[in-house]
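First comes the structure, then the notes that go with it.
A, B, ... follow the sequence lines: proteins, then strands. Residue 1 opens every chain.
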Amino acid sequence: MEPPDDKTVRFQINGRSHEGTRGESLLAAIRRHGYEVPSLCYHEAVSPYGACRLCLVEVKRGRRQKLTTSCNYPLQEGIEVFLDTDRVVRHRRTILQLLLAMAPEAEELRSLAAEYGVEDTPFVTDEEHADNACILCGLCNRVCNEVVGAHAIAFAGRGLHKRMESPYDDVAEACIGCGACVFVCPTSCIGIEETEQMRRILKWHRDLPMQKCAACGRPFAPTFQIMHFADKIGVERSHFDRCPDCR
Amino acid sequence: MDDAKLNVILDRHDRDPSALLAILMDIQKEENYLPREDLGRVSERIGVPMSRIYSLATFFSAFSLKPRGKHICTVCMGTACHVRGAPKLVEQIGRDFDVKAGETTADMKLTLETVNCVGACALGPLVILDGEYHGNITPTKLERVMKNLKKEQG
Ligand code: SF4
Ligand code: SF4
Ligand code: FES
């Protein structure tokens, strides 16, 4: 093991000592040590946002012990973390009920709730959103901004009317069709369809022609995506005339 | 908005992306709303993604993405005004001008808006017509305030 430097901190999870890096996401540290904490809005590739509240834990620091989301809690020296206290489980159940009211159709959410014995919600579902599985976690948006760099979508409105949307809920002109948002969406509510000619990102109303491989003729990625990445990494666009197999 | 005018607004704020909010306010002051086509040009020229501009423009209720009427009548629906009869005032204006809250008359003369508390509760119920505040409004007083508008509409 490497000698501890000033970036290494010691902390406890459920009474056992562990090491981590100062300032890293507490949730990431917990998981790296093999413990499980549920989450819907966290992905290690992007900045934490604290939207779903499911990653709740109790953190004791000095004499104070409090509930906190772990994804956006920066790891510190000497904290004691408790994962499944009664308080955590009770609050997590309520949060699941609230999320269910928001997206009653979301399969992934239903099954996670079931694990906590939550089958139903006492909260009222807004009819307008009843068929909408989006839980406003913002992951799609962060991935699109921070990883892809396309900035195609964002939150619109606020309060009850908040939604994740392409500008004017119209064709997302800036979307390159990479599908990263579809991949990270925890409730699979964005939707993607692919044919020989087209890739379609349903929620953002974006249709993109597919690039055919110059050698084998197989369509392999949306033309826009290829141009975007060629420009980003600074290679000739023609580098991507062929699919990875024929290159 | 013509190009020269838009550029004047952008230059006034040094085309600074962090001045986006002020830029949107200036555009709305000129146009009465935020035309989609204008926002497209703002996005290109100050290098802020359209998604971000749309996000901001839909967040603040002071912005409108739809054309608004020549006159704007805002009825305060905060708790104090509400209990003192603000909903009745909205109804009254709606009836007299054939317009729903949040919408604009067919002849584009009047937009009727409601807000949740303007912070002048002691004056409630409160109606703001084209930036002018009218407090302690009763149905008769409201008629007087809206009289000129009614005439204009014919
Ligand atoms: S598919 Fe479009 S919206 Fe989704 S991450 Fe890629 S560019 Fe962004
Ligand atoms: S579409 Fe999916 S990823 Fe995006 S905010 Fe909604 S639930 Fe989250
Ligand atoms: S994962 Fe922490 S709040 Fe969603």
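Residue contact with chain A, scored on non-hydrogen atoms closer than 4.5 Å, involves the side chain of B/Leu39 exclusively. Of the two parts of B/Leu65, only the side chain, counted from C-beta on, holds a non-hydrogen atom closer than 4.5 Å to a non-hydrogen atom of chain A. Proximity to chain B is absent for every atom of A/Ala174, based on heavy atoms less than 4.5 angstrom apart. Contact of A/Glu165 with chain B is made through the side chain alone, with heavy-atom distances under 4.5 Å.
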Take B/Thr58 and A/His161, measure what side-chain contact (heavy atoms from CB on, under 4.5 Å) needs, and give me the verdict at the end.
CA-CA 10 Å; B/Thr58 55; A/His161 307 290; over 6 Å; no
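Annotation: side chain of B/Met50 is in contact with side chain of A/Tyr168 (closest heavy-atom distance under 4.5 Å). Proximity of A/Asp170 to B/Arg36: side-chain heavy atoms (C-beta onward) are separated by under 4.5 Å at one or more points.
More than 12 heavy-atom neighbours from other residues, nucleotides or ligands sit within 6.0 angstrom of CZ on B/Arg84. Few gaps surround CG on B/Asn136; more than 12 heavy atoms of other groups in view lie less than 6.0 Å from it. Surrounding NZ of A/Lys232 are more than 12 heavy atoms belonging to other residues, nucleotides or ligands, all under 6.0 Å away. Other residues, nucleotides and ligands contribute more than 12 heavy atoms inside 6.0 Å of the CZ atom of B/Phe97. For CZ of A/Phe183, the number of neighbouring non-hydrogen atoms (other residues, nucleotides, ligands) closer than 6.0 Å is 12 at most. Remark: B/Met25 CE is loosely packed, at most 12 non-hydrogen atoms of other residues, nucleotides or ligands lying under 6.0 Å away. Within 6.0 Å of the CD atom in B/Glu37, the count of heavy atoms belonging to other residues, nucleotides or ligands exceeds 12. Counting non-hydrogen atoms of other residues, nucleotides and ligands closer than 6.0 Å to CD of A/Glu107 gives a total of 12 or fewer.
With rounding to the nearest 0.5 Å, the separation of OG in B/Ser55 from CG in A/Asn141 is 7.5 Å.
Listed here is the closest heavy atom pair of A/His151 and B/Ser51: O-OG, 2.8 Å. In terms of heavy-atom proximity, B/Tyr54 sits nearest to A/Ala156 at CE2-CB, 3.5 Å.
Options A/Ala172, A/Gly159, A/Ala154 differ in how many heavy-atom pairs under 4.5 Å they form with chain B, and the most are formed by A/Ala154.
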